[in-house]
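Structure record follows, encoded as structure tokens.
In what follows, every heavy atom counts, from backbone to side chain, and hydrogens, waters and symmetry copies are set aside. Every chain is numbered from 1 and lettered A, B, ... according to where its sequence line falls, protein lines coming before strand lines.
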Number of protein chains: 2
Amino acid sequence: MATPTLRPNPKKSPRRGDDRLFLTERKLREGAELMFFAYRAFTQDPDRLLHARNYGRAHHRALHFIGRRPGISVAGLLEILGITKQSLARVLKPLVEDGLVDSIPGEEDRRQRLLTLTALGRALESDLSRVQRERLSRAFREAGSEAVAGFRAVTALMIDEDARDGILDMVYGAPDRPE
Amino acid sequence: MATPTLRPNPKKSPRRGDDRLFLTERKLREGAELMFFAYRAFTQDPDRLLHARNYGRAHHRALHFIGRRPGISVAGLLEILGITKQSLARVLKPLVEDGLVDSIPGEEDRRQRLLTLTALGRALESDLSRVQRERLSRAFREAGSEAVAGFRAVTALMIDEDARDGILDMVYGAPDRPE
DNA sequence: GTTTTATGTCAACGACACTGTCATAAACTG
DNA sequence: CAGTTTATGACAGTGTCGTTGACATAAAAC
């Protein structure tokens with residue numbers, strides 16, 4: 001499912017332009033506000049756990065994508081996270097030092113540092129994703145599967161078209177543990 | 001993944017609840033990742049405009065909700081934004097000094113500072129929301145109205161139940177310009 | 001008249017992004 | 001082999017945005 005079910009939008013008859021425009025604009029504003037409030041809620045549970053361990057949201061993201069892609073290189077992680085090398089280094093260094101992430105030289109290219117979670121890292125990542133999943137799970141369950149399909153379509157379409165396919169391939173494609 | 005499903009997980013028996021659980025878990029992970037990538041995309045256009053003016057995301061949020069609720073008090077804004085007084089003050093002060101926000105004492109309660117956008121403030125807020133709306137508009141249009149309904153349902157349900165009604169009243173209730 | 005409320009302010013701190021520079025080792029290239 | 005590019009690590013500095021805690025003031029409330 002690299003491309004969500006796209007349907008050409010049905011009715012778009014701007015005869016009463018003023019009224020339709022107002023409604024549309026209003027819906028867009030509502031959508032933006034929902035995005036703000038939902039994201040704040042979405043991050044708050046893991047944030048709480050992280051704060052107790054003196055980590056931040058960036059550590060969660062690193063743990064998550066290393067867990068998703070064991071053996072990923074620093075460069076690969078940088079590309080997914082879309083941050084600078086220094087920003088990642090600041091996050092990665094304590095994770096390695098604290099024994100949550102293993103950083104081992106690549107066999108083919110020994111310049112690379114291939115990143116994997118240790119048992120400790122998996123444990124924290126699991127705790128973090130659990131609380132986040134619980135929230136998401138409640139929302140998905142109460143909203144129903146059709147609503148979830150809509151949610152997936154809309155969020156996917158918010159991503160830049162250039163980057164979308166690559167991101168969706170990653171989100172929907174790669175297994176947790178590449179066999 | 002909270003349970004010992006650490007293995008490559010070859011296809012399990014499809015009739016047992018196990019498989020349903022696996023699929024659900026996978027969908028939840030996908031949903032979380034979509035949320036991350038969508039939110040990053042969602043904020044990037046206004047962020048670019050803000051950075052050019054030496055403002056940040058917090059300034060956008062303040063401008064937005066003052067525009068939404070002209071005459072809102074500092075306490076009211078604090079409650080919506082869910083940040084501390086000092087965090088808001090740091091953002092609000094330059095906005096008032098730069099002439100984007102008017103801060104006038106309340107008539108009934110003169111301790112209050114009632115906040116409104118100036119013409120300048122409306123202009124910037126309009127620029128910011130325009131670029132954000134364009135992205136949202138594309139996503140909503142291409143996803144279709146059913147998908148948008150699903151998006152709204154799911155994002156709303158992500159919000160804490162305690163706070164949900166109050167937030168939704170604000171999102172769906174109050175008009176831009178109370179008249 | 002004391003207390004509570006609404007707001008502003010100051011100092012300090014921490015997380016997380018940025019830029020720019022430099023160093024090193026390994027890989028690639030002519 | 002020499003030179004360049006690549007992958008990474010490290011350092012200095014900057015800025016936004018969140019936090020806490022303490023203190024000041026003016027006005028409202030009891």
Hey, can you tell me if A:Tyr39 and A:Phe42 have their rings parallel, tilted or perpendicular (30° and 60° cut-offs)? tilted
Under the 3.5 Å rule, do the base of D:dG18 and the side chain of B:Arg90 count as making a donor-acceptor pair? yes
Given atom CZ of B:Arg48 and atom C1' of D:dT16, what is their separation to the nearest angstrom? 18 Å
Base, sugar-phosphate, or nothing for A:His59, non-hydrogen atoms under 4.0 angstrom? sugar-phosphate
Parallel, tilted or perpendicular, judged at 30° and 60°: which one describes the rings of B:Phe65 and A:Phe37? tilted
Are side-chain N/O atoms of B:Ser129 and B:Arg133 paired as donor and acceptor at under 3.5 Å? yes
Whether the side chain of B:His59 engages the backbone of B:Gly56 through a donor-acceptor N/O pair (distance < 3.5 Å, no angle test) should be reported. yes
Side chain of B:Ser103 - closest among D:dG9, C:dG8, C:dA27: C:dG8
In whole angstroms, the gap separating C1' of D:dT16 from CZ of B:Arg61 amounts to 10 Å
Just checking B:Ala75: base, sugar-phosphate only, or nothing, at a heavy-atom cut-off of under 4.0 Å? sugar-phosphate
For the side chain of A:Thr84, counting heavy atoms from C-beta on, which of C:dC18, D:dT8, C:dC16 is nearest? C:dC18
Checking D:dT8, C:dT7, D:dA7 against the side chain of A:Arg111 (C-beta onward), the nearest is D:dA7
Does a side-chain N or O from A:Ser87 land closer than 4.0 Å to OP1 or OP2 of C:dC16, or not? no
Identify whether any heavy atom of A:Arg57 sits under 4.0 Å from a base atom; if not, whether one sits that close to sugar-phosphate; answer base, sugar-phosphate or nothing. sugar-phosphate
Take atom CZ of A:Arg40 and atom P of D:dC17, then tell me their distance rounded to the nearest Å. 15 Å
When the nearest nucleotide of DNA chain C is assigned to A:Asn54 and to B:Leu92 on a heavy-atom basis, which residue is associated with the more 5' position? B:Leu92
Take the protein atom NZ of B:Lys85 and the nucleotide atom P of C:dC10, then report the distance between them rounded to whole Å. 13 Å
Of all the nucleotides listed (D:dC17, C:dA27, D:dA28), which has the minimum atom distance to the side chain of B:Asp109? D:dA28
Hey, what do you get for CD1 (A:Ile66) to OG1 (A:Thr116), rounding to the nearest 0.5 Å? 8.0 Å
Separation of atom CG in A:Leu81 from atom P in C:dC16, rounded to whole Å: 12 Å
Output for pair (A:Asp47 CG, A:Gln44 CD), nearest 0.5 Å, gives 8.5 Å
Calculate the interatomic distance between A:Leu95 atom CG and C:dC16 atom C1'; express it in whole Å. 14 Å
Regarding the side chain of B:Gln86, the nearest nucleotide among C:dA11, D:dG18, C:dT21 is C:dA11
I want to confirm an ordering. Mapping B:Lys93 and A:Gly82 to their closest nucleotides on DNA chain C, which one lands closer to the 5' end? B:Lys93
Atom-to-atom span, CD of B:Glu108 to P of D:dA26 - whole angstrom: 22 Å
In whole angstrom, give the distance that lies between atom CG of B:Leu78 and atom P of C:dT9. 14 Å
Against the side chain of B:Arg110, the closest entry in D:dA28, D:dT8, C:dA17 is D:dA28
